[in-house]
Amino acid sequence: MEARHTPPRKDGRVIIHFDYDCFYAAVFEAKNPSLKSLPFAVQQKQIIVTCNYEARRRGLHKLQLVRDAKRICPEVVIELGEDISRFRDASKELYSFIRAYSWSGKVERLGFDEVWVDVTDMVSYNMEMLNQNSLAQSFFHISRADPLEGFAFDASSIAGHPYPKDFVSAGREQDSDLTLRLRLGSHLAQHIRHALEQQKGYTSTVGIATSKLLAKVVGNLNKPKGQTTVMPPLSADESACSNVTAFIDGHEIGKVPGIGFKLAQKLREHVLQRPATFDPGLVYGGTKEAVTVAAVRHHADINPETLEKLLSGPGSPHGIGYKIWCLLHGVDDSEVGQAKPVPSQISIEDSYNRLDTLPELLKVMNALAKSLLTRMRIDLLADDDNGFGEEHDSANGGATTQASHAATPKKWLARPKTLRLTTRPRQPLQPDGTRVRSFKRISHSGPLPTFVFGLSESAEALAEKLVSGALLGMFRRLHPEKSGWNLSLVNLAVTNMAETAGVGKTSRGRDISNMFRKQEDVLRDFRVTDTSSLLPYEVDITDVVSSDGEEREVCGPLTVASTTTTSAPDHHDGSGSWEEDGETDEENERCGYCGARMPGFALAAHQRFHSPFQ
DNA sequence: CAGGGCGAAT
DNA sequence: ATTCGCC
C-alpha cells in the first residue's frame, strides 16, 4: 500500500461538548419534576419530537407519530411544545451557566441543546499547578482570581469513560502530557456536568477531546448522562495506531458532523460507484446503504482534490474537498466560536396546512411580526443605565420585558438593518392528484423600518404597522398573483445587526463584552491594573455580575468541592467563614508575601497574583 | 423525513 | 439580496 497523506493533527486544545439529554422533555421536567418518573413526551404538530427515557424504555422514540406513540404506550403523558420560547429561554439559561466557567469566552451553542467550550486555557493553567508527586490529591482551579474556587480531584485517573474503553495510560512518551491534559478536561467536564444537574436540574451527555468534531461524536458513546474522553494516541506511527482513526472509521458517513444529507449522498454514490443509492420517496430513515468513513477513506482516488471536484457545487464553500478530507481523518481545526453579545439574526417561522387567503395571511403575519418584535426586545434591548445587557430569561415570553419596561430606560444593543420575508409555497396538485412535495423557500428582503425601535408602542401595535408598512409590499413581490398561492411556511427575520454606539471596543468601561466575562476575570482587572482609575466602574461591575443572571452561586466561595461528594478535602467548614476571621487554623497556610491565609492547595495559585505578569 | 433556527455561501 | 446546508 502506498503511503497516503494524512492531514496534520493539531491536538493542543481541550474541548468539551455538552448535549442536554432529551432537552425539550427536560425543560418540562425541570419545571415539573413529577414528570420524570412517568413516560413523558413532547409533541409538535403530529409528531413526538422527543421523549424522556422512561418513555423510551416503553418503546417510544424521537420523531414518532403521536398516533403510534399512543398506541404503543397509552399511558404516555404528552405536552405541546410548539411554542418554543420556553426552550429558547432554558437554552440561554444553561448556556449562560456554562459560559460562566469559561475564561476565554470560547463557548458556542449549536441549536438549543448543544454547547462546546474550549477549556484549553483552564487546563493549561491547572497543569502548571499540579503536583506530579501526588496527582491523586489534586485541586482544579476554576478561577484565576480566587485560588479557593475549584474542586478536588484525582488527576491520576479519567473522570467518566475513556475511549477506547480499555484505555490504559502507557505508550509513547509524548502522549503522557496529552493524557494528563485530557484527564484534567474530563474532570472539569464532570464538575460542570454535575453542577448543571444539581443546580439547574438538567442532565447532559458530554464528550471531551481535542477538537469540536471528536468531542461531539465521542459523547454519544455513553448516553444519557455519561461522558467520554478520546485518549491518545491520536495519531498513528510505527508502534501504534490512532484512536481517532479507529473511532471515526466505524461511523456511517452521514453521521459525521459537517457531512450533511447532500454531501453524504454524493459520497455514498461515489463509493458505491454509480448507483444513486436510495429510493427517492422513502419515509423516515430511508434505506441509505451504510457507507462508513473507512470505506470512503480507503476508496481509491480519495484526496482533497478529487473530493473538491466531487463535492463542490452551488452553495458549497470553497475548499470543501480539503475540509471533508480532514473530517474523514478525524481532523477538525475549526475554532469554538466566541460568545457573542448579540445574535447575528433573529427569525420566527411557523408552518401551515393551508394558507391561501389574504385575511388568513394578515393574521399570520401579524402574529409572526409580534413575536419577532418581542424577541427583538428580549434579545437586543438592554438597560440604559450601564450599557450592559440584562439577559432576562423569562419563562413566559415577553411578559418580563413588558413589566420592567416602565421601570428602567432601555437601549438597543444592536439595530438590525434588514427585514426578510421567506415563504415556502406548496406545489399545486398534479393532474394525477398527487402533490410534489417541495421544501424550497423563496425570500425577499428590504430595509427594516426604524419605527420598530420605538418603545412607546406595544409590540402588537408596531407589528401591525410593520405588516402594512413593509411586509405586505414584500409579499406582493414574492407572490405577484393576487391569489392562487398556497403557503406551507412563513418566516420573518431581521438581519444585518449594526451594533449601536457605546457597544464597540473603544468605550472600555461600557464594553459589552464584559457582559460575558465571569466575575473573577472582571475582578482580576482590579488587581493587576491601576486600581484607582477603575474605581468609578465598580458599580458597573457589580451590575454586570448581578445582571448576568442567577448563576452567581457557581462563583461563590462555597463552591469549593461543593459538588464533589467523594474525596473532597474538608478545608472549609461550609459556613462561609473561611475568610480571615481571626481564627487560627493549622490546616491553612500563609502567603509569605501578603500574609493571606488559605489552604495549602490554594497557595500556588494565589501567589501567582504577586507576580507582575500573568 | 417535523419544526424552528443559524450562518455562510451566493 | 437570496439560497443552501446543517443542526
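All values reported here derive from a predicted model rather than from experimental measurement.
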Would you mind reading off the distance between [X] atom [atom1] and [N] atom [atom2], rounded to a whole angstrom?
{"X": "A:Asp89", "N": "B:dG5", "atom1": "CG", "atom2": "P", "value": "12 Å"}
{"X": "A:Asn353", "N": "B:dG3", "atom1": "CG", "atom2": "P", "value": "9 Å"}
{"X": "A:Ile378", "N": "B:dG5", "atom1": "CD1", "atom2": "P", "value": "12 Å"}
{"X": "A:Ile346", "N": "B:dG7", "atom1": "CD1", "atom2": "C1'", "value": "15 Å"}
{"X": "A:Arg441", "N": "B:dG4", "atom1": "CZ", "atom2": "P", "value": "10 Å"}
{"X": "A:Arg420", "N": "B:dA9", "atom1": "CZ", "atom2": "C1'", "value": "13 Å"}
{"X": "A:Leu327", "N": "C:dC6", "atom1": "CG", "atom2": "C1'", "value": "13 Å"}
{"X": "A:Phe112", "N": "B:dG3", "atom1": "CZ", "atom2": "P", "value": "15 Å"}

Taking the side chain of [X] as its heavy atoms from C-beta onward, which of [options] lies nearest to it?
{"X": "A:Glu349", "options": "C:dT3, B:dG4, B:dC6", "value": "B:dG4"}
{"X": "A:Ile47", "options": "C:dC7, B:dG3, B:dA2", "value": "B:dA2"}
{"X": "A:Ser351", "options": "B:dG4, B:dA2, C:dC6", "value": "B:dG4"}
{"X": "A:Ser347", "options": "B:dC6, C:dC7, B:dG7", "value": "B:dC6"}
{"X": "A:Thr418", "options": "C:dC7, C:dA1, B:dG5", "value": "C:dA1"}
{"X": "A:Ile84", "options": "C:dT3, B:dG5, C:dC7", "value": "B:dG5"}
{"X": "A:Leu263", "options": "C:dC6, B:dA2, B:dC6", "value": "C:dC6"}
{"X": "A:Ile442", "options": "C:dT3, B:dC6, B:dG4", "value": "C:dT3"}

Base, sugar-phosphate, or nothing for [X], non-hydrogen atoms under 4.0 angstrom?
{"X": "A:Asn491", "result": "nothing"}
{"X": "A:Gln44", "result": "sugar-phosphate"}
{"X": "A:Lys216", "result": "sugar-phosphate"}
{"X": "A:Pro257", "result": "sugar-phosphate"}
{"X": "A:Gly258", "result": "sugar-phosphate"}
{"X": "A:Gly111", "result": "nothing"}
{"X": "A:Gln46", "result": "nothing"}
{"X": "A:Ser443", "result": "base"}

Which side-chain N or O atoms in residues 213-222 of chain A pair as donor and acceptor under 3.5 Å with protein atoms at least two apart or in another chain?
unit_1, atom_1, unit_2, atom_2, d
A:Lys216, NZ, A:Glu114, OE1, 2.6
A:Lys216, NZ, A:Glu114, OE2, 3.1
A:Asn222, ND2, A:Thr228, OG1, 2.7

Just to confirm, is there a sub-4.0 Å distance from OP1 or OP2 of [N] to any side-chain nitrogen or oxygen of [X]?
{"X": "A:His444", "N": "C:dT2", "value": "yes"}
{"X": "A:Arg88", "N": "B:dG5", "value": "yes"}
{"X": "A:Ser344", "N": "B:dC6", "value": "no"}

For a 4.5 angstrom cut-off between non-hydrogen side-chain atoms, does A:Val336 reach A:Val107?
no

Enter the distance from A:Arg13:CZ to A:Lys212:NZ here, rounded to the nearest 0.5 Å.
8.5 Å

Run the side chain to side chain donor-acceptor pair (under 3.5 Å) test against A:Ser351 and tell me which residues pass, sequence neighbours left out.
A:Lys45

Using distance alone, with no hydrogens and no angle criterion, decide if A:Thr50 and A:Arg56 have a side-chain donor and acceptor under 3.5 Å apart.
yes

Will you find, in the side chains of A:Thr205 and A:Asp19, an N or O donor that is under 3.5 Å from an N or O acceptor?
no

Does a salt bridge link A:Arg354 with A:Glu360, judged by any charged N lying under 4.0 Å from a carboxylate O?
no

